[in-house]
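Labels below follow one simple rule: chain letters A, B, ... track the order of the sequence lines, proteins then strands, and each chain is numbered from 1.
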Number of protein chains: 2
Amino acid sequence: MSSTDRHRLIAQAVADSGSATVPHLAELTGASEMTIRRDLDVLAAQGVLERFRGGARTLLLRGEEPPWSLRVHEGLEAKRRIAAEVSRLIADGETVVVDSGTTCLEVARLLHGRPVTVMPLSLQAIQALSDAPAPTALLVPGGRPRTGEGALTGPLTLASLAALRFDTAVLGCCGLSAAEGMTAYDLDDAAVKHAIVASARRIVAAADGSKLGRTAHAYVGASSLVDQLVTDGSAPADEVAALEEAGTVVTTA
Amino acid sequence: MSSTDRHRLIAQAVADSGSATVPHLAELTGASEMTIRRDLDVLAAQGVLERFRGGARTLLLRGEEPPWSLRVHEGLEAKRRIAAEVSRLIADGETVVVDSGTTCLEVARLLHGRPVTVMPLSLQAIQALSDAPAPTALLVPGGRPRTGEGALTGPLTLASLAALRFDTAVLGCCGLSAAEGMTAYDLDDAAVKHAIVASARRIVAAADGSKLGRTAHAYVGASSLVDQLVTDGSAPADEVAALEEAGTVVTTA
DNA sequence: ACCGTAACGAACATTTTTGATGTTTGGAAG
DNA sequence: CTTCCAAACATCAAAAATGTTCGTTACGGT
């Protein structure tokens, strides 16, 4: 078993019952107690759980977004397929702003080396593009990165977006439905997405099926502001139909 | 011999005689020709040299700044000592802006985990601080990173600096002398340094001895704008005396 | 334009290095 | 006083670097 698999198993077990002891987790995973302790330290540093003497308790509130480290590896192929489709929609020479989030990170990775100008809104995506060869032009927005997430937000980010105009925006979203529009997990993020929408001529949303029909806490705008949606096979058909009805072109990767 | 040592040896040999053949470099380093070819590919990608069939020729113009990849490992201990001294000058709770450059990168590394607010002006430093735990607050400036260097410059950078005020600025410089003031390698960089100076109450310059008494191409300002200079034992005594005369507090690490 | 030689790069084998894991032991927390 | 923890060391596996071989490609001479 790989260490990330074990991490996921531990996080799951702790989240399910609220807490777990070191010996229990050692038996569950087949690893030694020392390894479990080291894993718990890592997960605690990621904000997934909280250590106490002898074990750990969960910090994940139901309904809240799970931390970045757990989301990256989840449904990677689906994200890659969606990202590939999004990348196909972007022509050489365009200027593109890429939102934060795990799906958008994959999009950024695919733009590596292509002759486009990219402004990514997360530290992870900036890092992925920082060693890109000549044809790719990187633009860094200002902002405060959210811990773990790496998503840039705040006045500096809004100012950077306001100072520029883009051909295409690649938006990730936490929730998207024809009825409730696009939603994000918190207001800061929603403000950034709003600024992105205002700065780009074409809005492409990248969202796996689980995001469709869902509604998160912070409202970004009506679904009609999305020109094109790229999703995967798990998208609910009725929601897709409703979005198409509202004027969004939907592509299934 | 480590691979970076060999890279440096190759870069040196090619720079010295303008060009070198693969067999010659293989004999010089004791490595196989295949390894030399792979090394040359790496160095070519870094912009250090240019491949031609059978060997490589240098791309380093005399007087021009050598590329980042060659500077990082040069005089590392001296840089670390200087950085440690700079770090000692920064109190907990301060807001700090850290310039680009290899010495400043070491300063950023030492601020990792300390209870300070930091805005680094290079991608490398941002990366070094991106996983910093809670007490450290990271602020990302906007800008266009220079390839290889990672130094952020341009209007977005200037705007980010103009929007903020800092307790302390840590400046790296290419040249510093009492007579000629502080100089940078190019105008964009000089403009950024100028903005840094305008946004910080206290200016700390970090420069090893080789920078003192030297003058680069782009003028930043008089040496008197530096409140405190941290340098090392290799600094020329007369230059240090002249800077102290002009009002700069000089510390030797 | 053709051909021979030398250089190149892909593929594989081998070595070195690095990172992860397990074990032991002294010390700290409850 | 018992249990848990973390540092130190040993061990193992994965990954990277390096060397070797061989088919292919580019250059120079004719």
Quick one: [X] [atom1] to [N] [atom2], roughly how many Å, whole number?
{"X": "B:Arg51", "N": "D:dA26", "atom1": "CZ", "atom2": "C1'", "result": "13 Å"}
{"X": "A:Met1", "N": "D:dA13", "atom1": "CE", "atom2": "P", "result": "16 Å"}
{"X": "B:Arg37", "N": "D:dA17", "atom1": "CZ", "atom2": "P", "result": "19 Å"}
{"X": "B:Leu25", "N": "C:dA7", "atom1": "CG", "atom2": "C1'", "result": "14 Å"}
{"X": "B:Phe52", "N": "C:dA6", "atom1": "CZ", "atom2": "C1'", "result": "14 Å"}
{"X": "A:Glu33", "N": "C:dT25", "atom1": "CD", "atom2": "C1'", "result": "15 Å"}
{"X": "A:Ile36", "N": "D:dC4", "atom1": "CD1", "atom2": "C1'", "result": "15 Å"}
{"X": "B:Leu40", "N": "D:dT18", "atom1": "CG", "atom2": "P", "result": "13 Å"}

TODO: Check whether any side-chain N or O of B:Arg53 sits under 4.0 Å from OP1 or OP2 of D:dA26, and answer yes or no.
DONE: no

Open item on the list: With a 4.0 Å limit, can you tell me whether B:Arg6 has a side-chain N or O closer than that to the phosphate oxygens OP1/OP2 of D:dT18?
Closed with: yes

Task: Base C:dG9 to side chain B:Arg38, donor-acceptor N/O within 3.5 Å cut-off - done: no

Task: Side-chain heavy atoms of B:Asp167 within contact of B:Val96, under 4.5 Å - done: no

Minimum-distance nucleotide to [X] side chain [options: [options]]:
{"X": "B:Thr35", "options": "D:dT18, C:dG22, C:dG9", "value": "D:dT18"}
{"X": "A:Ser32", "options": "D:dT18, C:dG9, C:dG22", "value": "C:dG22"}
{"X": "B:Asp41", "options": "D:dG19, C:dG9, C:dT21", "value": "C:dG9"}

- [ ] Would you check if there is a donor-acceptor pair between the side chains of B:Thr168 and B:Glu94 at a distance under 3.5 Å?
- [x] yes

Task: Under 3.5 Å side-chain donor-acceptor pair for A:Asp5 and A:His73 - done: no

Open item on the list: If you assign B:Gly55 and A:Met34 each to the DNA chain C nucleotide with the nearest heavy atom, which residue ends up on the more 5' nucleotide?
Closed with: B:Gly55

Open item on the list: Could you check whether any side-chain N or O of A:Lys211 sits under 3.5 Å from a backbone N or O of A:Ala206, counting only pairs where one atom can act as donor and the other as acceptor?
Closed with: no

Task: The single option from A:Lys79, A:Glu74, A:Arg71 passing side chain to side chain donor-acceptor pair (under 3.5 Å) against A:Thr102 - done: A:Lys79

